[in-house]
A.B. asks: 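I have a structure I would like to understand better, so I am pasting it below and will then ask my questions one at a time.
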Amino acid sequence: MKVLKFGGTSVGSPERMKALPKLIVNDEPKIVVLSAMSGTTNNLVEIASLLYAKKQKEAAMAIKNLEEKYAKVIDELFSTQDYKKKATTALKERFDQLKSFSAGEFSVKEERVILAQGELMSTMLENLYLNETGVKSVLLPALNFMRKDQRDEPDMYFIREILTRELEKNPDCKLFITQGYVCRNFKGEIDNLKRGGSDYSASIIGAAIKAEEVQIWTDIDGFHNNDPRMVEKTHSIAHLSFDEASELAYFGAKILHPNCVIPVQEANIPLWIKNTMDPKAFGTLISSSTDEGSIKAVAAKDNITAIKVKSGRMIMAYGFLRQIFEIFEDYSTPIDMITTSEVAVSLTIDDTTNLEKIVAELKNFGTVEVDKDMTIISIVGNKISESKGATAKILGALSDMPIRMISFGGSRYNVSLLVESTYKKAALEALNSKLF
Ligand code: ASP
Ligand code: MG
């Protein structure tokens, strides 16, 4: 069995929905994971924020606009009255649910129900379309099997048990359609795997059923060696190891949800990135093997805040770093990069929700400097920190710009540098011409 995930643009219009069967209808048994139609989750986020703000009228208006958009999709997608009616009835259920929140108390619990509607709609439409054209497919409701545990991690035991049971109910079926992104939390409430989470869904499903492989279908031909939106000449990378792909996904390559690699890596299942627009292109194969010692790619992560704590108390002291880190832990704020000297520690965060409170507490330890609008530039490759000359090349390429932090040797696959965001483009271009 294979697991194939298609993102929002792959189901973004009736034309794209009609083109999808060419990629998924054949003799290979598979589970197809779909995102919401592109734009829909953003619309749902907007509706939820209007409801938070008690702007009932505006929310009702936004819901109505979305409903009209979907009515048009139904009209163009289906050719028979019978299926138009089936889809309209199913869609009405979704919109009735959306409208039910227009009045009264609104909390994160209701918001999550709203955010789940996009995937419920796209999968329902695609599945009905397949059935209308005579393809036998079965819709697997992700809300029945996809569950997170108390630590917010996928509950693999539960997922495996329920999913296996669901698949066994349809022994002759070759094509299952399910929702990405949506899940339930340990309380059984509707929840999600965070924005872009459909990739993660596919990977979790792949690991749960021990799939032959997981394919992430997107609108680019795999991981590129640099950001194609910032730099002119980039190429797609044929092979990456799980570790390299994780570093790239985490440090800014927008192509994959950062958690997506974990489940398939644990289960050692090959992960492919494929291009919907160019299905014959090789794409990127992510697996446990990799090419020996080479620089593979550069990625950038924006909106980074650097914090420096300088304190004489750090000299020869123990427990200092623990106390500093505890403050970040207390405010559930992850740290990305860290560098230390004998009298100072610099670190970076990207979630600044609690920045003021964190800084106030850090001031008990010494002087605190905060630099906003920074960018982490990550250079990823196999054993990059051990390969001769790699670091010299990297730093040589960036000799014209001030570097605020360097993180080297933390992982064998990554060297990270922090620069002001105004230098980002220049840094990516310089690295592109000097490294590849
Ligand atoms: N629809 C969700 C989002 O837009 C999940 C996904 O597309 O992966 O974030
Ligand atoms: Mg995505």
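Order of listing sets the numbers, starting from 1, for every ligand and every atom in it. The structure presented is a predicted model; accordingly, all values stated were derived computationally and were not measured. One-based numbering along the sequence shown.
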A.B. asks: Evaluate the ring planes of Tyr83 and Phe78, with Trp represented by its six-membered ring, and classify them as parallel (under 30°), tilted (30 to 60°) or perpendicular (over 60°).
C.D. replies: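 Taking Phe78 first and then Tyr83, their aromatic rings lie parallel (interplane angle under 30°).
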
A.B. asks: Below 3.5 angstrom, do we get any N/O pair linking Ser35 and ligand 1?
C.D. replies: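 For ligand 1, there is an N or O atom that lies under 3.5 Å from one belonging to Ser35.
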
A.B. asks: Give a yes/no on ligand 1: does Gly197 have at least one heavy atom closer than 4.0 angstrom to it?
C.D. replies: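 Yes.
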
A.B. asks: Polar contacts were defined as any N/O atom of the residue lying under 3.5 Å from an N/O atom of the ligand; does this apply to Lys194 and ligand 1?
C.D. replies: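 No; every N/O pair is 3.5 Å or more apart.
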
A.B. asks: Against heavy atoms of Ser198, which atoms of ligand 1 measure under 4.0 Å?
C.D. replies: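 Near Ser198, meaning under 4.0 Å from one of its heavy atoms, ligand 1 has 5 (C), 6 (C), 7 (O), 8 (O).
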
A.B. asks: Can you name the nearest heavy-atom pair linking Phe251 to Ser378, along with the distance?
C.D. replies: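 Looks like CG-OG, 3.2 Å.
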
A.B. asks: Answer yes if the side chains of Asn42 and Arg195 hold a donor-acceptor pair under 3.5 Å, and no otherwise.
C.D. replies: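 Short answer, yes.
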
A.B. asks: Look only at the side chain of Thr133 and the backbone of Tyr129, and say whether a donor-acceptor pair between them is shorter than 3.5 Å.
C.D. replies: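 Looks like yes, one N/O pair under 3.5 Å.
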
A.B. asks: Any nitrogen or oxygen of Arg195 lying under 3.5 Å from a nitrogen or oxygen in ligand 1? Just yes or no.
C.D. replies: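 Yes, at least one N or O pair falls under 3.5 Å.
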
A.B. asks: As an exercise, state the distance from CZ of Arg404 to CD1 of Ile304, rounded to the nearest 0.5 Å.
C.D. replies: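 Atom-to-atom, Arg404:CZ and Ile304:CD1 are 12.5 Å apart.
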
A.B. asks: May I ask you to check if Lys92 and Phe95 form a cation-pi contact, with NZ or CZ under 6.0 angstrom from the six-membered ring centre and within 45° of the axis?
C.D. replies: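 Output no; distance or angle outside limits.
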
A.B. asks: Heavy atom of Gly196 under 4.0 Å from ligand 1?
C.D. replies: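 For ligand 1, residue contact (heavy atoms, under 4.0 Å) with Gly196 is present.
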
A.B. asks: Could you tell me whether Lys301 sits above the aromatic face of Tyr250, with NZ or CZ closer than 6.0 angstrom to the six-membered ring centre and within 45 degrees of the axis?
C.D. replies: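 Yes, Lys301 and Tyr250 form such a contact.
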
A.B. asks: Could you tell me which atoms of ligand 1, counted from 1 in the order shown, lie closer than 4.0 angstrom to a heavy atom of Thr41?
C.D. replies: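 With Thr41 as reference, the close atoms of ligand 1 come out as 1 (N), 2 (C), 3 (C), 4 (O).
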
A.B. asks: Hey, is Glu119 touching ligand 1 through its side chain, its backbone, both or neither, going by heavy atoms under 4.0 Å?
C.D. replies: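 The answer is the side chain of Glu119.
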
A.B. asks: Polar-atom distance check: Lys5 versus ligand 1, any N or O pair below 3.5 Å?
C.D. replies: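 By distance alone, the answer is no.
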
